[in-house]
Amino acid sequence: MIIYKSAEEIEQIRRSNRVVAQVLSELRDMIQPGVETLELNRYAEKRARELGAIPAFKGYRGYPASLCTSINEEIVHGIPSKRTLRAGDIISLDFGAVIDGFYGDAAVTFAVGDITPTARKLISVVEESFYKGLEKAVPGNRISDISAAVQTYVESFGFAVIRSFVGHGIGFSLHEEPQVPNFGEPGHGPKIKPGMVLAVEPMISIGDWDVEILTDNWTAVTKDRSLSAHYEHTIAVTAKGPEILSQRAEDEDVVRTKEFVHA
Ligand code: MF3
Ligand code: CO
């Protein structure tokens, strides 16, 4: 069942998403060689609480941390550890927060020091593919119009779209219906309507899309161990079109301009 949100509920969901955006933005400044991923996790948890939110991932289906830190061939759900970042790595940080029962969720992939041109391209393509999907998140379209736009864009660069993880409805819980795959033919799935709140999250790789789960039962890696990147925002569909909720208040005008450019 898809739960549509009122304008007031969307504002509540925006509050937790602003915290997510703020935390991810501060984490970006901590990304450098030598940093332990557990240190990033501790910071995210502390900052979210200072900002009045509760980390949403900790304890979710037994997930042991507040942040997901997925390095290189790790796609999603990398568990923070004593592992330290090295120059040339890429790391996806995925964070969720909840305020008064309203959930936010976003992810971004960062470069650690200098990275290869291919890694840079992978990161920019995953971000841009999100915006290709976002353009399709308009009332009257169907969910798979988002999926197809992401897939077409990503594959035009010879990269692969991960298929075993999908975006999702979000708001009253971390994961709600509908599922939002990053691949598929356009014109299928639920009709996109005002009041839908979705986490759109392309995950892509340089090689193949097959996935393997490590023995920690969480970390998802590419089977061929090729480099993978991830980008996610929580968005709300309004009568006027989609709006990104997981951005800091001061970035909202900037990103609206970007949305406009892409629309
Ligand atoms: N952002 C991810 C998702 O949407 C991660 C949540 S899974 C968790 O599925 F277990 F780590 F919380
Ligand atoms: Co998500």
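We count residues from 1, following the sequence as given. Since we're looking at a predicted model, the values are computed, not measured. Both ligands and their constituent atoms are indexed starting at 1 by order of listing.
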**OP:** Using distance alone, with no hydrogens and no angle criterion, decide if Glu26 and Gln22 have a side-chain donor and acceptor under 3.5 Å apart.
**Re:** yes

Original post:
Is the Co ion (ligand 2) less than 2.8 Å from at least one N/O/S atom of Asp105?
Top reply: yes

Original post:
Are the charged groups of Arg15 and Glu11 less than 4.0 angstrom apart, N to O?
Top reply: no

Original post:
Do Ile213 and Trp218 come within less than 4.5 Å of each other through their side chains, counting heavy atoms only?
Top reply: no

Original post:
Quick check: does His175 put an N/O/S atom under 2.8 Å from the Co ion (ligand 2)?
Top reply: no

Original post:
Any Lys/Arg nitrogen of Glu50 or Arg47 sitting under 4.0 Å from an Asp/Glu carboxylate oxygen of the other?
Top reply: yes

Give every pair formed by an N or O atom of ligand 1 and a protein N or O atom closer than 3.5 Å, one pair per line with both atom names and the distance to 0.1 Å, or write none.
| unit_1 | atom_1 | unit_2 | atom_2 | d |
| --- | --- | --- | --- | --- |
| ligand 1 | 1 (N) | Asp94 | OD1 | 2.9 |
| ligand 1 | 1 (N) | Asp94 | OD2 | 2.7 |
| ligand 1 | 1 (N) | Asp105 | OD1 | 2.9 |
| ligand 1 | 1 (N) | Asp105 | OD2 | 3.1 |
| ligand 1 | 1 (N) | Glu232 | OE1 | 3.4 |
| ligand 1 | 4 (O) | Asp105 | OD2 | 2.9 |
| ligand 1 | 4 (O) | His168 | NE2 | 2.7 |
| ligand 1 | 4 (O) | His175 | NE2 | 3.2 |
| ligand 1 | 4 (O) | Glu201 | OE2 | 3.0 |
| ligand 1 | 9 (O) | His175 | NE2 | 2.7 |

Original post:
Do Asn182 and Phe165 touch side chain to side chain, with heavy atoms closer than 4.5 Å?
Top reply: no

**OP:** Look at the aromatic rings of Phe130 and Tyr231 and report parallel, tilted or perpendicular, splitting at 30° and 60°.
**Re:** perpendicular

Original post:
Are the side chain of Thr152 and the backbone N or O of Ala149 linked by a donor-acceptor pair below 3.5 Å?
Top reply: no

Original post:
Is Val23 close to Leu67 at the side-chain level, that is, under 4.5 Å between some pair of heavy atoms?
Top reply: no

Original post:
In degrees, rounded to 10 degrees, what angle do His168 atom NE2 and Glu232 atom OE2 make at the Co ion (ligand 2)?
Top reply: 110°

Original post:
Restricting to N, O or S atoms of Glu201, which is nearest to the Co ion (ligand 2)?
Top reply: OE2

